[in-house]
Amino acid sequence: MNYSELKLTNLSIKPLWAIYIAAFSLLLFGQLGHCRSQPLDNNMSLKLVLTIDQTNLLYRQDVLCHVLITNNGSEPISLKLAKMDMTQPIIRVVNVQTDKEKTYSSDPSGHVMAEESMQFSPGQSTQEEFSLLEKIPDLQAGEYRISVIWEYNEGEARAESDPVQITISPSSPVTLNLVDAVAGRSGNKLGVWWDRGGKTPSIYYGMFSLMTGGGIKNIIKISSVAQHSKPVLSASGPGIPLRSHWIAWVNDNNVVFYSHVDSNKEVLGLRKINLPPGQWTIISPLYNFETKDSNSTQSGEIILCGGEDNVNNFRILSIRISNHGAEINKNAVITGSFPLWITSHINHKGEQTISYLQGKTKKLSLYSLPWPGENSSVQVPNPLTSWSGSLVGITTRMDKNGVIHGASLIQNERDQAKIEFDNWSISNGNFSQVIKTKDIAWFAEQKIIAGKIATSDRDKTVFTITTENGKMYSYDGEGSLQTMSKKIGQDHLTHEIGFLHDEPVLITGSENIGFRVQTFHDCPPDVPSSPKGDESCDSKK
């Protein structure tokens, strides 16, 4: 990108002849593309109309911009379209508050796909589009007027559109829940999050590009929610196309709120369900179910885990939801302490499995059981396996054959300088260890407050660890534990792990600047050494 910056001149105090002389001089020296004048083609041979899909955006939100190009003159003109010449269009951005402007144009080297221009007859039109972040990567929160400039007739003339005003609000995402946008490997994820930035804290839905530096597209505001919330998004069962998504969260008053977004970006009005007494949490993900009518809203399911204090059991509650309302579908009581971690899966036959981890006196036990029947009581099954220590992180995923693939991080009970890393699987209720337990060196004096672990569709496992003092460490599936950027550890509000072509990426949220997609090794040169002298992430660059 080449950026130019000009301080505006107040032309209104000059006589008319001075304006014409100034304009002629600028044209002579090829600088007219950098001034704040009327459209550069005074004869209006080329007309540009700019439209932007959304004009109220969050920081780092990407959006499509459309340009209607029309030969408005009486003679043919020639020009290159954006798909043939990426240097077109030139973008002019004016900061409404400061009145300063920048122009953005791509480096011409390597971006011209065709040498010859296209001929446009009088009255002929075409429409081009471009990504806002692709052309203007550095827009901060604020208000801007954006216009496009297009060169034509072999660069001898230029035209400029009328400006479109956009507003970019600061974004401070505190929570994030992700599901796959497409079954299998994909460069995109769908997510919901609670954002406390801007004027009103709200819950949003959008699509994340996992390309490094990628933005968020199709952001939709679900609801304004002042209270800290952890929204959960729906996923479909195997073989069920996702035409829509359900979104739900629980507030402090034991009320479930839920909404729905369809393929046309229409949002169902917010609805709510009162829960029984106790502490309730939504088990991720929600589920979508196919309906006979392909044009109707898919029904969904919210699964919750709850319980009351001093009771040696917990409950699992299933609520079926549709655009007509909600009803309790299943209500099971399971003996044993409230889970440290719990998740659910659905296979290609529509059969559901609940997996959970219980812990007592430093002993962690893993369980997995078929979805219980309605209003049933489930006795404690035999644990599939047990670990001695404290939980750092755990994850599972189900493949197309119904096999559950899992990975866990456990801090050793006897030796706090060791973290045990395990890969395992569950097939037909049988547990098997896939990879022998690996001990990873750790700073015993650093208290772990959070861990994230993820496995790809090709069984590559990676994880991050966050400490009490804000430091973060990562393991990318190869080598040893590495230290991450200080900024990631101290500034992030939430983070999740994704995979792009089996390589891990980190989606981090920061105060006021929203989400950023980056590699595990994206860090500054001042990163300290990692535990036991292992190489830091810089040394792999």
Side-chain angles (χ1 to χ4, degrees), residues 1 3 5 52 54-63 93-100 102 104 131-146 165-178 189 191-231 249 449-450 452 464 466 469-472 484-498 505-519 522-524 526:
M1 294 286 181
Y3 308 143
E5 215 172 296
I52 301 177
Q54 289 179 251
T55 55
N56 291 302
L57 308 172
L58 289 175
Y59 182 81
R60 291 300 298 168
Q61 177 180 349
D62 205 359
V63 67
V93 180
V94 179
N95 188 309
V96 173
Q97 282 78 28
T98 65
D99 220 26
K100 289 184 177 181
K102 284 185 179 181
Y104 296 76
S131 159
L132 183 71
L133 289 185
E134 179 184 351
K135 292 289 186 179
I136 317 172
D138 61 348
L139 281 181
Q140 304 299 309
E143 294 184 7
Y144 301 90
R145 290 190 297 270
I146 296 177
Q165 185 159 320
I166 67 170
T167 300
I168 299 177
S169 300
S171 174
S172 299
V174 179
T175 63
L176 175 63
N177 178 252
L178 294 174
K189 289 272 190 180
V192 289
W193 66 98
W194 182 72
D195 198 309
R196 70 183 182 201
K199 295 180 180 178
T200 308
S202 300
I203 287 176
Y204 294 94
Y205 160 94
M207 177 178 285
F208 291 75
S209 169
L210 298 187
M211 300 293 291
T212 301
I216 317 171
K217 300 179 180 179
N218 304 325
I219 290 182
I220 301 171
K221 181 179 177 180
I222 303 301
S223 178
S224 296
V225 179
Q227 188 181 76
H228 180 276
S229 302
K230 295 181 179 180
W249 62 94
I449 61 169
K452 297 272 187 179
T464 63
T466 305
N469 59 8
K471 291 183 179 179
M472 282 186 67
M484 301 183 73
S485 163
K486 286 181 180 178
K487 182 172 178 58
I488 295 175
Q490 294 172 354
D491 193 38
H492 87 269
L493 300 176
T494 180
H495 78 278
E496 293 292 340
I497 300 170
V505 295
L506 201 63
I507 303 170
T508 61
S510 298
E511 196 74 54
N512 294 324
I513 61 174
F515 289 107
R516 181 183 178 215
V517 180
Q518 59 203 59
T519 67
D522 183 6
C523 55
D526 61 344

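On a predicted model such as this, the values are computed, not experimentally measured, just so you know.
- Not counting sequence neighbours, K230 has no partner by the salt bridge (charged side-chain N to carboxylate O under 4.0 Å, His left out) test.
- N218 is linked by a side chain to side chain donor-acceptor pair (under 3.5 Å) to K265, counting only residues two or more places apart in sequence or in another chain.
- Looking at every heavy atom in both residues, V517 comes nearest to S209 through CG2-O, 3.4 Å.
- How far OG of S229 is from CD1 of I203: 4.5 Å, rounded to the nearest 0.5 Å.
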Exercise for the section: Starting from the C-alpha separation in whole Å, work towards a yes-or-no answer on side-chain contact (heavy atoms from CB on, under 4.5 Å) for R60 and L133. Expected result: CA-CA 8 Å; R60 291 300 298 168; L133 289 185; 4.0 Å; yes
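- A search for ring pair (Phe, Tyr, Trp, His ring centres under 6.0 Å) contacts involving Y205 returns H245, not counting sequence neighbours.
- Residues meeting the side chain to side chain contact (heavy atoms under 4.5 Å, CB included) test with E143, sequence neighbours left out: V96, Q97, Q165, T167.
- Distance check: Q54 CD to K217 NZ gives 13.0 Å after rounding to the nearest 0.5 Å.
- K100 has its side chain out of reach of V93: every pair of non-hydrogen atoms, C-beta onward, lies at least 4.5 Å apart.
- Checked against V192 for a side chain to side chain contact (heavy atoms under 4.5 Å, CB included), the options L176, N177, I222 give a single hit: N177.
- For the pair P173 and G509, the tightest heavy-atom approach, listed with the atom from each and the gap, is CG-CA, 3.8 Å.
- I146 has its side chain out of reach of Y104: every pair of non-hydrogen atoms, C-beta onward, lies at least 4.5 Å apart.
- In this structure the side chain of L210 reaches within 4.5 angstrom of the side chain of I507, judged on heavy atoms.
- Nearest heavy atoms, T175 versus P231: OG1-CD, 3.6 Å.
- Residues passing the side chain to side chain contact (heavy atoms under 4.5 Å, CB included) test with N512 are P170, S172, sequence neighbours excluded.
- Taking 4.5 Å as the limit, every side-chain heavy atom of W194 sits out of range of all side-chain heavy atoms of W249.
- A pairwise comparison of heavy atoms in I216 and I219 identifies CG2-CG1, 3.7 Å as the closest pair.
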Exercise for the section: Give the C-alpha distance, both sets of side-chain angles, the deciding distance and a yes or no for side-chain contact (heavy atoms from CB on, under 4.5 Å) between L493 and W193. Expected result: CA-CA 11 Å; L493 300 176; W193 66 98; over 6 Å; no
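- Residue I497 holds its CD1 atom at 4.5 Å from OG1 of T464, rounded to the nearest 0.5 Å.
- For the atom pair CE (M472) and CG (L506), the distance works out to 5.5 Å, reported to the nearest 0.5 Å.
- Distance check, rounded to the nearest 0.5 Å: CG of L178 to CZ of F208 gives 6.0 Å.
- Partners of T55 under the side chain to side chain donor-acceptor pair (under 3.5 Å) rule, at least two apart in sequence or in another chain, do not exist in this structure.
- Every residue two or more places apart in sequence or in another chain that forms a side chain to side chain donor-acceptor pair (under 3.5 Å) with K452 is listed here: E496.
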Practice task
Would you please test M207 and I220 for side-chain contact (heavy atoms from CB on, under 4.5 Å) and show each step?
Solution key: CA-CA 10 Å; M207 177 178 285; I220 301 171; over 6 Å; no
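- Remark: D195 CG to F515 CZ distance equals 7.0 Å, nearest 0.5 Å.
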Practice task
Might you work through the side-chain contact (heavy atoms from CB on, under 4.5 Å) test for L57 and L132, ending with a clear yes or no?
Solution key: CA-CA 11 Å; L57 308 172; L132 183 71; 3.8 Å; yes
